[in-house]
Amino acid sequence: MFQDRADAAAQLAKRLHAYHGQSPLILAIPRGAVPMARIIADRLDGELDVVLVRKLPAPGNPEFAIGSIDETGWVYLADYADQIVDTAQYIETEKAIQLELLRKRRARYTPVRPAIDPEDRIVIVVDDGLATGATMIAALHATRTRQPKKLVCAVPVAPTETLEKIAPYADEVVCLETPSPFYSVGQFYRSFPQIDDEDVIATLAR
């Protein structure tokens with residue numbers, strides 16, 4: 001469906017063209033969305049930053065999210081979380097682990113400046129695709145608390161039911177494709193390499 005993240009970002013930028021010239025703030029969910037957000041920010045003449053959130057992984061399955069957490073410690077739990085996790089202690093332990101990782105990432109990603117303030121700005125939160133939508137919900141919630149003028153979620157691909165879950169958290173949701181069946185984000189990219197911290201730091205430094 002998409003050649004790579006650059007292809008997906010270019011297509012998203014076209015769909016978001018109405019925001020060109022309005023100085024939008026493009027917030028990427030690291031790490032995969034950061035190079036995409038750079039392209040979108042350049043095409044829309046906007047500003048780039050990151051919104052730091054982490055998934056809360058299921059026991060024994062680190063790729064499957066039962067929820068998510070933002071930098072403030074706010075937690076979103078999926079409606080199925082209590083079917084997978086039977087102790088509150090597991091959640092508390094994961095919260096502590098992920099919060100510490102978020103602190104380290106913030107220190108590495110933007111060491112010489114604070115996060116860009118989204119207050120009274122058009123803010124577009126970008127990811128390379130959604131599966132459960134947990135991290136996007138945390139990212140939108142974290143951004144909403146800082147009072148943007150308009151909050152947009154923009155992704156290349158996601159299941160329809162996931163978009164329905166995140167819709168209440170955004171003023172607008174832009175998604176290029178909603179294929180079914182949906183197993184993972186990576187299945188819809190011909191090239192989907194891992195993005196590491198050094199790539200993120202270099203992109204933000206530009």
Side-chain angles (χ1 to χ4, degrees), residues 1-16 24-44 46-58 61-65 67-71 94 97-113 115-116 123-140 142-143 152-159 162 166 174-177 179 182-206:
M1 187 175 298
F2 302 106
Q3 293 293 335
D4 51 23
R5 289 185 178 92
D7 175 34
Q11 293 189 46
L12 268 178
K14 287 181 181 178
R15 284 283 295 272
L16 295 163
L25 173 59
I26 315 301
L27 294 181
I29 298 177
R31 290 175 291 200
V34 174
M36 292 180 58
R38 173 78 274 167
I39 292 169
I40 293 169
D42 289 346
R43 302 257 176 121
L44 300 184
E47 201 170 7
L48 172 68
D49 203 358
V50 289
V51 53
L52 298 186
V53 293
R54 288 286 295 173
K55 71 175 68 172
L56 297 176
N61 188 355
E63 294 304 312
F64 183 68
S68 54
I69 187 168
D70 69 14
E71 287 184 272
E94 278 302 321
I97 292 170
Q98 302 306 329
L99 268 176
E100 180 60 23
L101 194 150
L102 288 174
R103 291 189 192 99
K104 289 179 178 178
R105 279 194 170 177
R106 177 59 71 185
R108 292 195 70 194
Y109 289 175
T110 57
V112 295
R113 65 167 176 81
I116 297 173
V123 180
I124 303 172
V125 181
V126 176
D127 206 351
D128 52 17
L130 305 179
T132 67
T135 51
M136 178 59 77
I137 287 173
L140 292 169
T143 307
V152 181
C153 163
V155 294
V157 62
T162 296
I166 68 169
V174 175
C175 181
L176 301 177
E177 302 289 348
F182 191 109
Y183 300 111
S184 70
V185 171
Q187 80 184 95
F188 302 106
Y189 289 82
R190 289 187 174 88
S191 174
F192 195 65
Q194 289 292 317
I195 306 296
D196 60 27
D197 281 344
E198 286 65 34
D199 296 324
V200 172
I201 292 165
T203 301
L204 292 174
R206 285 174 48 208

Determine, for Glu198 against Arg108, whether the closest basic-nitrogen to carboxylate-oxygen distance falls under 4.0 angstrom.
-> yes
Here the gap from Ile116 atom CD1 to Leu48 atom CG, rounded to the nearest 0.5 Å, amounts to 7.0 Å
Could you tell me whether Asp49 and Arg113 have a side-chain N and a carboxylate O separated by less than 4.0 Å?
-> yes
Heavy-atom closest pair, residues Ala142 and Asp70 = CB-OD2, 3.4 Å
To the nearest 0.5 Å, what is the distance between CG (Leu27) and CG (Leu52)?
-> 9.5 Å
Looking at Asp197 and Arg31, does any basic side-chain N land under 4.0 Å from a carboxylate oxygen?
-> yes
Minimal heavy-atom distance between Val125 and Ala139, with the atoms involved, is CG1-CB, 4.0 Å
Could you tell me whether the side chain of Glu94 reaches within less than 4.5 Å of the side chain of Ile97, counting heavy atoms only?
-> yes
When rounded to the nearest 0.5 angstrom, what distance separates CD1 in Ile166 from CG in Asp127?
-> 9.5 Å
Lys55 and Glu63, any side-chain heavy atoms less than 4.5 Å apart | yes
Test item: Ile201 and Tyr109 side chains (from C-beta on) under 4.5 Å apart, heavy atoms = yes
Which heavy atom in Val51 sits nearest to a heavy atom in Pro30, and how many Å separate them?
-> O-CD, 3.4 Å
Would you find a donor on one side and an acceptor on the other, under 3.5 Å apart, between the side chain of Asp199 and the backbone of Asp196?
-> yes
Shortest non-hydrogen contact from Thr135 to Ile29?
-> O-CD1, 4.1 Å
Would you find a donor on one side and an acceptor on the other, under 3.5 Å apart, between the side chain of Thr203 and the backbone of Pro35?
-> no
Heavy-atom check, side chain of Leu16 versus side chain of Leu44, under 4.5 Å | yes
Report yes if the side chains of Asp7 and Tyr189 come closer than 4.5 Å at any heavy-atom pair, otherwise no.
-> no
Taking the side chain as C-beta and beyond, is there a heavy-atom pair between Ser68 and Val53 under 4.5 Å?
-> no
Provide the closest heavy-atom pair for Gln11 versus Phe2 in the form atom of the first, atom of the second, distance.
-> NE2-CD2, 3.7 Å
What's the spacing between Leu130 CG and Ile137 CD1 if we round to 0.5 Å?
-> 9.0 Å
CD (Gln98) and CD (Glu100) are apart, to the nearest 0.5 Å, by 11.0 Å
Tell me, do Arg5 and Pro156 make a side-chain contact under 4.5 Å, heavy atoms counted?
-> no
Determine whether Thr162 and Phe182 make a side-chain contact, defined as any pair of heavy atoms from C-beta on separated by less than 4.5 Å.
-> no
Going through the checks in order, is the side chain to side chain contact (heavy atoms under 4.5 Å, CB included) test met by Val34 and Arg38?
-> CA-CA 6 Å; Val34 174; Arg38 173 78 274 167; 5.8 Å; no
Can you name the nearest heavy-atom pair linking Ala9 to Ile40, along with the distance?
-> O-CG1, 3.7 Å
